[in-house]
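One structure is given here, and the rest of the page talks about it.
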Amino acid sequence: MNAIPAVSSDAPERRSEEPEGVPNTWQDRARALVVRFGPAVWCYAVLKLIGFTVFMKLLSFAGDYAKKPARFGGGANTWDVLASWDGWWYQQVAQFGYHPALVPVPGGLPGFTIEQNSAAFFPLYPGLMRLTSDVTGLGLYGAGMLVSVVASLFAAAGIYAVVDRMAGPRAGVIAAGIWAIAPGSGAEWAVYSDSLFVALAAWACYFVMTKQWVTAGVVTLVAGLNRPTAAALIGAVGLAALVELYRRESGVLRPLAAMALAPVGLLGYVAWVGWRTGEWGGYFRLQHDAWLHYFDWGQGTWHSVRGVLLGRNDYPFAFPVPDLLATLIVLSLPVLIVLLLRLRPPLVLTAYTLATIVSVLGSLGIFGNVSRYLLPAFPLFIALAVGMRKLSWPVLAAVLGTGAIASGWYAGYVIFELGVP
């Protein structure tokens with residue numbers, strides 16, 4: 001079998017050809033954007049809609065959601081499930097704001113010694129929910145769904161832009177389609193912040209690849225207000241900027257600006273929570289003692305994988321079906337990493353992907369959510385997209401379409417109904 005040739009952002013033949021001339025009017029610019037990103041966004045949207053429809057049908061067929069509280073995976077209607085669990089917390093923040101506090105729980109369950117508090121959820125997504133609700137008149141649920149769906153389309157466009165620059169437009173469209181059916185992708189169209197974060201992360205990586213350093217720093221700053229996993233993006237942007245400083249290809253001020261701006265959002269929010277709780281490590285204590293979520297150097301992942309392989313449920317947050325899928329994903333990661341590295345991707349993509357994987361596998365949490373936690377690691381799909389780009393469109397439609405149908409179960413129903421997303 002012939003080896004897949006390495007692709008690089010420095011190879012001009014891999015890039016899409018720029019249209020001749022510069023659009024002069026906003027209509028021309030809009031038309032150019034539709035021509036460039038339309039195929040990838042449509043591919044993503046169609047596949048996502050198929051998976052979403054199957055997910056809703058499975059919920060209706062099982063009917064278990066009607067027996068659960070609305071806050072914990074249930075509701076009066078199938079779509080209410082999309083606003084449960086973390087979605088409930090985001091609605092609380094959007095409606096009532098924050099009241100950070102570290103309130104002890106006397107005689108609580110082992111490991112849960114502090115009351116859960118909405119300050120564990122970063123402000124960008126619920127803030128956009130509230131703004132969208134005020135502007136459109138939608139309720140917070142509808143506003144949250146609108147933000148997530150729109151953000152997912154921007155994420156698909158960002159993934160396309162990154163992969164197009166590395167391996168051409170066909171691979172970019174396929175990569176956007178793969179993200180639509182990836183394990184854990186059920187959270188993309190739900191009252192969750194995942195789509196918004198991936199949109200910001202993908203575009204931040206693209207701006208680094210195109211040496212738009214200040215823009216990359218600003219986008220990373222905003223991402224830091226959305227999820228704590230922005231730490232991986234901040235580190236990747238900072239490392240890429242440091243290397244650029246060494247090479248002196250973009251001067252000094254712009255890479256320095258990216259390095260200075262990138263961590264401001266994340267550090268600012270964590271510092272604010274610390275100030276409001278009266279304990280500078282208040283955010284981390286809340287995560288540790290209220291949600292039992294913290295970096296444990298991979299011990300939780302090891303115990304979970306061992307438990308699944310041995311058929312035991314003697315580890316925290318054991319959910320058999322989601323955990324089995326999570327184990328298969330963990331076992332596939334070395335292969336995906338090697339295939340990605342063979343393509344010699346830009347430093348920012350390599351650093352961001354590896355840092356994301358380390359943060360996910362190195363932290364204690366709900367193991368069955370590995371699929372969702374790894375959604376931001378979209379560069380793992382690049383090698384698959386490159387390998388599939390030689391397939392004809394009918395074959396690609398059959399492969400991705402089948403994956404979309406199946407994703408309604410493994411990416412939606414499994415994590416929302418058979419586990420805790």
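- With no hydrogens or angles considered, no side-chain donor-acceptor pair links S185 and W179 at under 3.5 Å.
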Evaluation steps, side-chain contact (heavy atoms from CB on, under 4.5 Å), between D194 and R227: CA-CA 8 Å; D194 300 67; R227 291 182 68 85; 3.9 Å; yes
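- Contact record, F416 with A190: CZ-CB, 3.9 Å, taken as the closest heavy-atom pair.
- Atoms NZ and OG, on K48 and S195 in that order, are 7.5 Å from each other to the nearest 0.5 Å.
- For CZ of F295, the number of neighbouring non-hydrogen atoms (other residues, nucleotides, ligands) closer than 6.0 Å is greater than 12.
- Counting only distance, with no hydrogens or angles, the side chain of T301 and the backbone of L361 share a donor-acceptor pair below 3.5 Å.
- Between the side chain of D64 and the backbone N or O of E417 there is no donor-acceptor pair closer than 3.5 Å.
- Of the N and O atoms on the side chains of Y98 and Q92, not one donor lies less than 3.5 Å from an acceptor on the other residue.
- A230 and A223 get closest at one heavy-atom pair: CB-O, 3.6 Å.
- No side-chain donor-acceptor contact under 3.5 Å links S363 to the backbone of V360.
- You'll find the side chain of S152 reaches within 4.5 Å of the side chain of Y44, heavy atoms only.
- You'll find the side chain of R31 stays beyond 4.5 Å of the side chain of W26, heavy atoms only.
- Between W409 and V54 there is no side-chain heavy-atom pair separated by less than 4.5 Å.
- Within a 6.0 Å radius of CZ in R312, other residues, nucleotides and ligands contribute 12 heavy atoms or fewer.
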Give the intermediate values and the outcome of ring-ring contact (aromatic ring centres under 6.0 Å, His included) for residues F367 and F317. CA-CA 7 Å; F367 180 64; F317 311 116; over 10 Å; no
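- Atom CG of L253 has 12 or fewer neighbouring heavy atoms from other residues, nucleotides or ligands inside a 6.0 Å radius.
- Ring centroids of Y125 and F197 are separated by 6.0 Å or more, keeping the two rings apart.
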side-chain contact (heavy atoms from CB on, under 4.5 Å) between F72 and S84, intermediate numbers included: CA-CA 6 Å; F72 302 114; S84 59; over 6 Å; no
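- Donor-acceptor pairing under 3.5 Å is recorded for the side chains of Y315 and D323.
- Within a 6.0 Å sphere centred on CH2 of W42, other residues, nucleotides and ligands contribute 12 heavy atoms or fewer.
- Two rings, from Y413 and F61, have their centers 6.0 Å or more apart.
- Of the possible donor and acceptor atoms, one in the side chain of Y410 sits under 3.5 Å from a partner among the backbone N and O of I181.
- Using a distance-only test at 3.5 Å, with no hydrogens or angles considered, no donor-acceptor pair links the side chain of S133 to the main chain of R130.
- Across all their heavy atoms, V198 and P376 have their closest contact at CG2-CA, 3.7 Å.
- Taken to the nearest 0.5 Å, the OG1 atom of T356 stands 8.0 Å off from the CG atom of L233.
- In this structure the side chain of W189 never reaches within 4.5 angstrom of the side chain of S148, judged on heavy atoms.
- Of all heavy-atom pairs between A385 and A171, the closest is CB-O, 3.4 Å.
- Between R254 and E244 there is no salt bridge, since none of the side-chain N atoms of the basic residue sits less than 4.0 Å from a carboxylate O of the acidic one.
- Note that CG of L124 and CG of L225 are 6.0 Å apart. Values are rounded to the nearest 0.5 Å.
- Residues W297 and W302 form no side-chain contact, since every pair of their non-hydrogen atoms from C-beta on lies 4.5 Å or further apart.
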Working note: T350 + R344, criterion side-chain contact (heavy atoms from CB on, under 4.5 Å); need CA distance, chi angles, decisive distance, verdict. CA-CA 9 Å; T350 302; R344 292 182 293 179; over 6 Å; no
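- Contact check for L239 versus V348: no side-chain heavy atoms found under the 4.5 Å cut-off.
- Annotation for A182 and L375: closest pair CB-CD2, 4.2 Å, computed over non-hydrogen atoms.
- A donor-acceptor pair under 3.5 Å is formed between the side chain of R248 and the backbone N or O of L245.
- Of all heavy-atom pairs between V386 and A167, the closest is CG2-CB, 3.7 Å.
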Working note: D80 + K68, criterion salt bridge (charged side-chain N to carboxylate O under 4.0 Å, His left out); need CA distance, chi angles, decisive distance, verdict. CA-CA 11 Å; D80 291 332; K68 299 179 181 180; over 6 Å; no
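- S60 places no side-chain N or O within donor-acceptor distance of the main-chain N or O of M56, the cut-off being under 3.5 Å.
- When only modelled atom types and interatomic distance are considered, R285 and H288 share no side-chain donor-acceptor pair under 3.5 Å.
- Using modelled atom types and a 3.5 Å distance limit, the side chains of S359 and Y373 yield no donor-acceptor pair.
- For the pairing with F121, the ring-ring contact (aromatic ring centres under 6.0 Å, His included) check across W291, Y192, Y269 returns one residue only, W291.
- No donor-acceptor pair closer than 3.5 Å links the side chain of N77 to the backbone N or O of W79.
- Remark: side-chain polar atoms of W203 are paired, donor with acceptor, to backbone N or O of F154 under 3.5 angstrom.
- Side-chain contact check for Y90 and S193: at least one donor-acceptor pair (N or O, by modelled atom type) lies under 3.5 Å.
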Before you tell me yes or no, could you show the steps for R170 and W393 under side-chain contact (heavy atoms from CB on, under 4.5 Å), namely the whole-Å CA-CA distance, both residues' side-chain angles and the distance that decides it to 0.1 Å? CA-CA 10 Å; R170 190 182 182 92; W393 285 118; 3.0 Å; yes
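- No side-chain heavy atom of L140 sits under 4.5 Å from any side-chain heavy atom of V191.
- In this structure, the separation between OH on Y294 and CG on L286 is 14.5 Å, given to the nearest 0.5 Å.
- For the atom pair I382 CD1 and L349 CG, the distance stands at 5.5 Å (nearest 0.5 Å).
- In this structure, CG in L374 is found 10.5 Å from OG1 in T229, a value given to the nearest 0.5 Å.
- Residues R71 and W88 have side chains in contact (heavy-atom distance under 4.5 Å, counting atoms from C-beta outward).
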